[in-house]
Each structure stands twice: as C-alpha cells, then as structure tokens.
Undergrad: 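Structure in structure tokens, see below.
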Amino acid sequence: MANSKYEYVKQYELDDSLLPGCWIVVRIDGKGFTKFSELHGFEKPNDKRALDLMDECAKEVLNEFPDVRLAYGESDEYSFVLGRSTDMYGRRASKIVSLLVSCFTANYVSKWAAFLPGTPLRSTPMFDGRAVCYPLNSNLRDYLSWRQADTHINNQYNTCFWALVKSGKTPTEAQATLRGTQTAQKNELLFNEFGINYAHLPEQFKKGSVVIRRKTMVEVKRREDGTPVLRERNLPTVLYTDIIRDEFWSEHAHLLAP
C-alpha cells in the first residue's frame with residue numbers, strides 16, 4: 001500500500017504480542033447461554049446434542065489451525081492450547097483470539113441443524129474469548145486440571161439440582177437442600193432418592209471433552225474395482241478421559257514437547 005498522509009494513524013495500534021516461550025491458552029465461553037439453552041429447550045442438566053455440537057466445532061478449530069495442540073471443553077466453554085514455540089500470527093493476542101472465536105462460532109451456526117434437527121436456531125449464539133500465557137508445563141497442566149475439576153463439581157451439583165427440581169421442588173428449595181453438602185452426600189442423595197449411580201453417568205458429562213489429533217486410517221479414494229484406498233492421517237479425535245493424573249500425559253507425551 002502506498003504511503004499517504006493518513007498512514008500516521010497506525011501509530012495508535014498497540015502491540016498485543018503474547019509472551020514468547022509460553023503456552024497460550026485461548027478460552028472461549030458462551031454469552032448468555034443460560035437463556036440460550038432455555039430458549040432452545042436443552043435437556044437439563046446435560047444435553048448431549050449440544051455437547052456434541054461443541055465438540056464438533058472444537059474439532060474444526062483443530063482442523064483449521066495446526067498450531068492448536070489440544071482442546072478441552074465443558075458445558076458452553078472450550079479451551080484451546082497453542083504450543084510454547086508457536087509464532088502463529090506473530091503471537092498477536094487479538095488476531096489469535098478473534099480467529100479462533102469466529103471459527104468456532106461460524107461452525108456452531110453452520111452445524112446446528114445437523115446436531116439439533118427439528119430445533120430452529122431462534123437467536124444468535126455468541127462466544128467471548130481471552131488469551132492467557134502459562135510459562136511452565138506444570139502451569140498448563142494445573143489450568144487444565146482446574147477446568148476438569150470444575151466440570152465434575154458443576155456436573156454433580158447440577159445433576160442433583162435438576163433431579164430435585166424434576167421431582168417437584170422449586171429451584172429455591174433445591175438450592176437449600178444442596179447447600180453445604182459434600183461429594184459423598186450428593187452421591188447418596190442421587191442414589192437413595194432417585195436411583196442414580198453417579199459413577200455410571202456418561203464420562204462426557206463427568207469429565208468433559210478432550211480433543212487431540214490421533215492417527216486414523218481414512219479412505220482417500222477408491223480403486224477402479226471399487227475397493228477403498230486407505231491412508232493414515234492425524235485427525236482431531238474427542239476423548240472423555242482423565243487429564244488430571246499423569247497417565248494421559250505419559251501416553252501423549254508429544255503434547256508437552258517444546
């Protein structure tokens with residue numbers, strides 16, 4: 001672009017480059033999704049259709065941006081981890097956050113009908129985003145552990161809360177019943193009053209979703225005789241697994257590689 005007398009305005013653009021040598025985590029979160037879920041009749045406490053849609057959108061983010069190493073999602077939020085050495089978009093926070101959020105949101109809208117057929121999209125889904133840098137592997141693992149622990153705490157509470165509401169209690173009465181209860185007490189309440197064994201609930205609800213790339217055999221074409229030609233590809237894959245203990249990180253040591 002040719003220089004002009006107006007180009008001085010570029011001086012007002014602030015440098016928002018993220019710290020070098022650090023893990024970058026971009027967390028996106030649904031705006032007003034309590035009302036959004038009510039408007040669209042989401043099943044409480046968990047609507048698998050909506051969770052699967054979130055997972056599919058996260059997979060598309062990994063497809064679009066190779067620098068995203070893994071993602072973790074629960075409810076209406078998703079965290080995307082970029083490697084310490086990434087130079088994607090010069091590590092500019094505004095560029096990275098805006099592109100990941102827009103990619104996720106665009107896929108949420110375009111794939112809605114496939115995951116919630118018969119449920120028209122009656123309002124515009126919106127997500128906010130933020131980028132945080134973590135200097136150490138241990139910091140990153142603690143962040144992801146925090147999100148997974150939050151998933152369990154929220155899911156156990158919500159499972160109890162909605163069981164009580166569906167049994168006839170008002171939301172205020174359900175909150176009062178659960179106030180001050182510990183994990184074991186909530187499990188006992190679910191089993192004794194509703195016959196629900198919390199341990200047997202879907203892992204997706206209890207642990208959230210982990211998205212990583214795994215080697216998968218895929219059909220790339222067909223021969224003249226109709227037989228498929230398979231090739232190994234690294235494709236985004238959703239896992240419902242524990243990421244707090246060491247086993248996951250030992251099995252997928254490449255995720256923390258420099």
Side-chain angles (χ1 to χ4, degrees), residues 27-63 68 70-80 101 103-127 144 147-167 171 174 178 183 186-187 189-191 193-214 216 235-244 248:
R27 185 165 83 242
I28 71 170
D29 199 3
K31 177 183 180 296
F33 258 58
T34 298
K35 291 183 178 179
F36 182 87
S37 64
E38 291 174 355
L39 180 63
H40 293 92
F42 284 7
E43 175 65 26
K44 301 295 185 180
N46 296 288
D47 191 311
K48 181 167 173 55
R49 304 168 305 163
L51 293 174
D52 288 345
L53 173 58
M54 293 283 291
D55 293 346
E56 186 66 20
C57 295
K59 288 167 61 178
E60 291 299 335
V61 171
L62 267 71
N63 279 329
V68 177
L70 74 152
Y72 176 78
E74 58 157 324
S75 185
D76 64 340
E77 75 167 54
Y78 241 103
S79 298
F80 297 93
V101 171
C103 177
F104 190 95
T105 306
N107 277 285
Y108 193 92
V109 173
S110 66
K111 296 179 181 296
W112 173 273
F115 285 84
L116 287 94
T119 303
L121 189 56
R122 300 176 58 191
S123 66
T124 303
M126 290 183 283
F127 296 86
L144 294 168
R147 299 320 302 141
Q148 187 162 69
D150 186 71
T151 301
H152 162 68
I153 292 169
N154 288 339
N155 183 67
Q156 188 185 50
Y157 180 91
N158 289 334
T159 301
C160 293
F161 176 85
W162 285 105
L164 290 167
V165 169
K166 290 177 181 180
S167 72
L178 295 173
T183 295
K186 291 184 179 72
N187 285 340
L189 181 149
L190 286 173
F191 188 77
E193 294 195 25
F194 305 105
I196 297 173
N197 187 327
Y198 186 80
H200 294 166
L201 294 179
E203 297 297 294
Q204 182 182 20
F205 300 166
K206 296 184 296 182
K207 291 187 171 67
S209 302
V210 183
V211 186
I212 62 172
R213 294 180 183 86
R214 300 184 84 174
T216 307
L235 298 180
T237 305
V238 181
L239 308 175
Y240 310 124
T241 188
D242 189 303
I243 56 173
I244 297 177
F248 173 84

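Note that these values count all heavy atoms, side chains included, but never hydrogens, waters or copies made by symmetry.
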Undergrad: Any side-chain heavy atom of Asn46 sitting closer than 4.5 Å to one from Asn155?
TA: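 Asn46 reaches Asn155 side chain to side chain.
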Undergrad: Output all residues satisfying ring pair (Phe, Tyr, Trp, His ring centres under 6.0 Å) with Phe248, sequence neighbours left out; order by chain, then residue number.
TA: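 Scan of Phe248 (ring pair (Phe, Tyr, Trp, His ring centres under 6.0 Å), adjacent residues dropped) gives His252.
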Undergrad: Aromatic ring centroids of Tyr108 and Phe127 under 6.0 Å?
TA: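 Yes, the ring of Tyr108 comes within the 6.0 Å limit of the ring of Phe127, centre to centre.
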Undergrad: State which residues pass side chain to side chain donor-acceptor pair (under 3.5 Å) with Gln148; sequence neighbours excluded, sorted by chain then number.
TA: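 Residues passing side chain to side chain donor-acceptor pair (under 3.5 Å) with Gln148: none at all.
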Undergrad: Would you say the ring centers of Phe36 and Trp112 fall short of 6.0 Å from each other?
TA: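 Aromatic pair counts; centres sit under 6.0 Å.
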Undergrad: Quick one: list whatever passes side chain to side chain donor-acceptor pair (under 3.5 Å) with Glu203, sequence neighbours left out.
TA: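 Testing Glu203 for side chain to side chain donor-acceptor pair (under 3.5 Å), a comparison that skips the adjacent residues, returns Lys206, Lys207.
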Undergrad: Given side chains that start at C-beta, do those of Val210 and Val238 come closer than 4.5 Å, heavy atoms only?
TA: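 No, side chains not in contact.
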Undergrad: Please list all pairs meeting side chain to side chain donor-acceptor pair (under 3.5 Å) that have one or both residues in residues 31-40, counting only residues at least two apart or in different chains.
TA: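 Counting only pairs at least two positions apart or across chains, the side chain to side chain donor-acceptor pair (under 3.5 Å) contacts touching residues 31-40 are Ser37-Lys44.
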Undergrad: To the nearest 0.5 Å, what is the distance between CD1 (Ile28) and OG1 (Thr105)?
TA: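 It comes to 6.0 Å.
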Undergrad: Could you list the donor-acceptor pairs under 3.5 angstrom formed by side chains in residues 49-58, with sequence neighbours left out?
TA:
unit_1, atom_1, unit_2, atom_2, d
Arg49, NE, Asp47, OD1, 3.0
Arg49, NH2, Asp47, OD2, 2.8
Asp52, OD1, Lys48, NZ, 3.2
Asp52, OD1, Gln204, NE2, 3.1
Asp52, OD2, Lys48, NZ, 3.4
Asp55, OD1, Tyr78, OH, 2.8
Asp55, OD1, Ser209, OG, 3.0
Asp55, OD2, Gln204, NE2, 3.2
Asp55, OD2, Ser209, OG, 3.0

Undergrad: Is the shortest side-chain N to carboxylate O distance from Glu193 to Lys186 below 4.0 Å?
TA: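 Not counted as a salt bridge, because no side-chain N and carboxylate O are separated by less than 4.0 Å.
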Undergrad: Do His152 and Phe205 have side-chain heavy atoms sitting under 4.5 Å apart?
TA: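 No, their side chains stay 4.5 Å or more apart.
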Undergrad: Measure centre to centre between the rings of Phe191 and His200, then say whether the value is under 6.0 Å.
TA: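 No; His200 has its ring centre 6.0 Å or more from that of Phe191.
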Undergrad: Considering only heavy atoms from C-beta outward, does the side chain of Pro171 approach that of Phe161 to under 4.5 Å?
TA: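 The answer is yes; the side chains approach within 4.5 Å.
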Undergrad: Does Arg147 have any salt bridge (Lys or Arg N to Asp or Glu O under 4.0 Å) partners at least two apart in sequence or in another chain, and if so, which?
TA: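 Result, salt bridge (Lys or Arg N to Asp or Glu O under 4.0 Å) vs Arg147: Glu74, Glu77, Asp150.
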